[in-house]
Amino acid sequence: MPDNASRDIAAPLLAWYDANARVLPWRAPPGTPPPDPYRVWLSEVMLQQTQVATVIPYFEKFLARWPDFASLAAADDAELMTAWAGLGYYARARNLLAAARAVADEHGGKLPASEAELRKLPGFGAYTAAAVSAIAFGERAVVVDGNVERVIARLFALSDPLPGAKPRIRVLTDSVTPVTRAGDFAQAMMDLGATICTPRSPKCLLCPLADHCDARAQGLPEAYPVKVAKKARPIRHGTMFWAEHHGRVLLVRRPASGLLGGMRALPTGPWTDVAPALDGAPFAAGWTLHNATVSHGFTHFELVSALASVTLDGQVPVIQGEWWPIDDLDSAGLPTVFAKAADQIRRMR
DNA sequence: GAACCGTGGGT
DNA sequence: TACCCAAGGTT
């Protein structure tokens with residue numbers, strides 16, 4: 001691969017960043033000392049596949065509740081999962097806690113500075129280890145996220161499709177990453193990708209790198225990055241069960257791994273190709289299967305769930321779970337798909 | 001490598 | 001509306 005195509009984009013990009021950096025609660029102004037590594041790490045985990053505007057309120061809430069590694073390492077698992085509810089990709093929350101405890105137990109309460117050591121902690125992949133090392137510790141690391149992939153693919157007009165082009169994009173990113181200010185450089189690339197070099201309708205007239213950009217020269221910035229076609233999302237069917245007793249509803253804890261792992265939930269039956277009706281009910285009762293359904297898109301399938309309900313008067317069956325006050329359901333920390341179902345049920349009552 | 005893993009914003 | 005996509009990681 002011809003990777004001698006290196007070009008000097010660091011100087012114009014950093015100059016642009018010095019004047020245009022977004023002001024974010026976890027970020028230090030350009031050219032100033034790095035922020036608290038705890039803040040950098042917390043924000044980077046929350047920002048995985050999640051937009052800045054979505055993250056900000058969660059970041060503020062977490063920082064107020066768990067201001068440092070020691071407090072987070074001592075956090076109650078259930079309280080942390082509840083606080084993460086609605087943000088998605090719940091394995092991030094489980095890994096966050098595991099990493100905080102590893103830092104407390106094995107690293108003297110401080111994050112290691114090197115990319116290689118960070119990479120060993122739960123939830124630190126190639127991107128996060130590089131980003132934290134560069135942004136929080138000023139190390140030179142090659143930071144490649146979705147923004148950087150797009151910017152690089154356009155700068156060099158890469159015709160190979162993603163994800164196959166990832167190794168080459170990493171080599172090219174390495175070739176343009178400066179020795180100093182690698183953290184600012186990474187954040188500048190991401191700000192550029194998020195605000196100027198956007199997936200659609202990029203604002204090339206405002207781009208500090210327009211004169212360096214092969215895709216711009218071709219007049220086809222939106223043609224990059226080339227991507228392989230995605231597979232269609234299948235539809236799965238299921239049923240959620242609403243068991244009510246004296247103003248309370250039965251909630252269960254989902255298994256620790258897998259979809260919505262570790263989260264509080266309504267009981268569900270199997271999710272299959274055909275509507276399973278009352279299969280998998282949490283206990284035998286006079287369930288009513290409603291006509292209304294709840295649809296919710298997950299990453300790799302679309303769920304269409306029926307709703308079944310029953311109101312119990314006398315004895316409550318002995319069953320694993322919590323009878324949660326319906327008026328206080330907002331505090332249960334339900335993932336969005338169950339919050340939707342609860343709203344639907346409450347509208348029907 | 002490919003499947004799995006959430007949710008909401010933007011168009 | 002339906003689709004793309006986002007500061008990706010784990011298995």
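Protein chains get the first letters and strands the later ones, always in sequence-line order, with residue 1 at the start of each.
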I'd like a table of donor-acceptor pairs (distance under 3.5 Å, sequence neighbours excluded) in which one partner is a side-chain atom from residues 272-283 of chain A, with atom names and distances.
unit_1: A:Thr272; atom_1: OG1; unit_2: A:Val274; atom_2: O; d: 2.6

* Identified side-chain contact (heavy atoms from CB on, under 4.5 Å) partner of A:Leu206 from the options A:Ile196, A:Asn20, A:Leu192 -> A:Ile196
* Asked: Would you find a donor on one side and an acceptor on the other, under 3.5 Å apart, between the side chain of A:Asp18 and the backbone of A:Pro30?
  -> no
* What pairs with A:His296 under ring-ring contact (aromatic ring centres under 6.0 Å, His included), at least two apart in sequence or on another chain? -> A:Phe298
* To do: Assign each of A:Arg119 and A:Trp26 to its nearest nucleotide of DNA chain C by heavy atoms, then name whichever residue's nucleotide is nearer the 5' end.
  => A:Trp26
* Can you check the A:Lys166 NZ to C:dG9 P distance for me, whole Å? -> 10 Å
* Asked: Expressed in whole Å, how much space separates the P atoms belonging to C:dA7 and B:dT11?
  -> 14 Å
* Which residues satisfy the ring-ring contact (aromatic ring centres under 6.0 Å, His included) test with A:Phe62, sequence neighbours excluded? -> A:Trp66, A:Trp84
* Asked: Any side-chain N or O of A:Gln49 under 4.0 Å from OP1/OP2 of C:dG8?
  -> yes
* Asked: At under 4.0 Å between heavy atoms, what does A:Ala53 touch on the DNA or RNA strands: base, sugar-phosphate, or nothing?
  -> nothing
What donor-acceptor contacts under 3.5 angstrom involve side-chain atoms of residues 261-271 of chain A, with partners at least two apart or in another chain?
unit_1: A:Arg264; atom_1: NE; unit_2: A:Glu322; atom_2: OE1; d: 2.8
unit_1: A:Arg264; atom_1: NH1; unit_2: A:Ala332; atom_2: O; d: 2.9

* Structure fact -> Between CE of A:Met189 and C1' of C:dA6 the distance, given in whole Å, is 17 Å
* Base, sugar-phosphate, or nothing for A:Pro122, non-hydrogen atoms under 4.0 angstrom? -> sugar-phosphate
* Asked: Do A:Leu220 and A:Glu222 touch side chain to side chain, with heavy atoms closer than 4.5 Å?
  -> no
* Hey, are A:Glu302 and A:Arg236 close enough for a salt bridge, meaning a charged N less than 4.0 Å from a carboxylate O? -> no
* To do: Hey, could you give me each pair passing side chain to side chain donor-acceptor pair (under 3.5 Å) that has a residue in residues 187-205 of chain A? Not counting sequence neighbours.
  => A:Arg22-A:Asp191, A:Arg27-A:Gln187, A:Arg27-A:Asp191
Look for any protein N or O under 3.5 Å of an N or O in nucleotides 3-5 of chain C and output each such pair with its distance, or none.
none

* Asked: Where each residue is assigned the nucleotide of DNA chain B containing its nearest heavy atom, which of A:Arg236 and A:Gly164 is assigned the position nearer the 5′ end?
  -> A:Gly164
* Asked: Can you name the residues that form a ring-ring contact (aromatic ring centres under 6.0 Å, His included) with A:Trp242, not counting sequence neighbours?
  -> none
* Asked: Are the side chain of A:Arg150 and the backbone of A:Cys197 linked by a donor-acceptor contact shorter than 3.5 Å?
  -> yes
* To do: Output yes when at least one side-chain N/O atom of A:Thr128 is less than 4.0 Å from OP1 or OP2 of C:dG9, else no.
  => yes
* d(CD, A:Glu149; C1', C:dA6) in whole Å -> 12 Å
Under 3.5 Å, side-chain donor or acceptor atoms of residues 42-58 of chain A against the rest of the protein: list the pairs with distances, not counting sequence neighbours.
unit_1: A:Ser43; atom_1: OG; unit_2: A:Arg39; atom_2: O; d: 3.1
unit_1: A:Ser43; atom_1: OG; unit_2: A:Val40; atom_2: O; d: 2.8
unit_1: A:Glu44; atom_1: OE1; unit_2: A:Tyr127; atom_2: OH; d: 2.6
unit_1: A:Gln48; atom_1: NE2; unit_2: A:Thr128; atom_2: OG1; d: 2.9
unit_1: A:Thr50; atom_1: OG1; unit_2: A:Met46; atom_2: O; d: 3.4
unit_1: A:Thr50; atom_1: OG1; unit_2: A:Gln48; atom_2: O; d: 2.9
unit_1: A:Thr50; atom_1: OG1; unit_2: A:Arg92; atom_2: NH1; d: 3.1
unit_1: A:Thr50; atom_1: OG1; unit_2: A:Arg92; atom_2: NH2; d: 3.4
unit_1: A:Tyr58; atom_1: OH; unit_2: A:Ala85; atom_2: O; d: 2.8
unit_1: A:Tyr58; atom_1: OH; unit_2: A:Leu87; atom_2: N; d: 3.4

* **Nearest-angstrom distance from the residue atom CG of A:Leu87 to P of C:dA6** => 17 Å
* A:Lys110 NZ: over 12 foreign heavy atoms closer than 6.0 Å -> no
* Touch check for A:Leu260, heavy atoms < 4.0 angstrom, all strands: base, sugar-phosphate only, or nothing? -> sugar-phosphate
* **Atom-pair distance (CE on A:Met190; P on C:dA7), nearest Å** => 9 Å
* Asked: Which part of the nucleic acid does A:Ile135 contact within heavy-atom distance under 4.0 Å: base, sugar-phosphate only, or nothing?
  -> nothing
* Asked: With a non-hydrogen cut-off below 4.0 angstrom, is A:Gly297 in contact with a base, only sugar-phosphate, or nothing?
  -> base
* Touch class at under 4.0 angstrom, heavy-atom based, for A:Lys231 against every strand present -> sugar-phosphate
Let me check something: any side-chain donor-acceptor pairs from residues 68-79 of chain A under 3.5 Å, sequence neighbours excluded? List them with distances.
unit_1: A:Asp68; atom_1: OD1; unit_2: A:Ala70; atom_2: N; d: 3.4
unit_1: A:Asp68; atom_1: OD1; unit_2: A:Ser71; atom_2: N; d: 2.9
unit_1: A:Asp68; atom_1: OD1; unit_2: A:Ser71; atom_2: OG; d: 2.8
unit_1: A:Ser71; atom_1: OG; unit_2: A:Asp68; atom_2: N; d: 3.2
unit_1: A:Ser71; atom_1: OG; unit_2: A:Asp68; atom_2: O; d: 2.9
unit_1: A:Asp76; atom_1: OD2; unit_2: A:Ala78; atom_2: N; d: 3.3
unit_1: A:Asp76; atom_1: OD2; unit_2: A:Glu79; atom_2: N; d: 2.9
unit_1: A:Asp77; atom_1: OD1; unit_2: A:Arg101; atom_2: NH2; d: 3.2
unit_1: A:Glu79; atom_1: OE1; unit_2: A:Arg65; atom_2: NH2; d: 3.0
unit_1: A:Glu79; atom_1: OE2; unit_2: A:Arg65; atom_2: NE; d: 2.6
unit_1: A:Glu79; atom_1: OE2; unit_2: A:Arg65; atom_2: NH2; d: 3.2

* Where chain A begins and ends its contact with DNA chain B, read 5' to 3' at 4.0 Å from heavy atoms -> B:dA3 to B:dG10
* Structure fact -> Sorted by number, residues from residues 334-347 of chain A placing a heavy atom under 4.0 Å from DNA chain C are none
* Asked: Looking at residues 89-105 of chain A, who's got a heavy atom less than 4.0 Å off DNA chain C?
  -> A:Tyr89, A:Asn95
* Mind checking whether A:Leu111 and A:Phe124 have side chains closer than 4.5 Å, heavy atoms only? -> yes
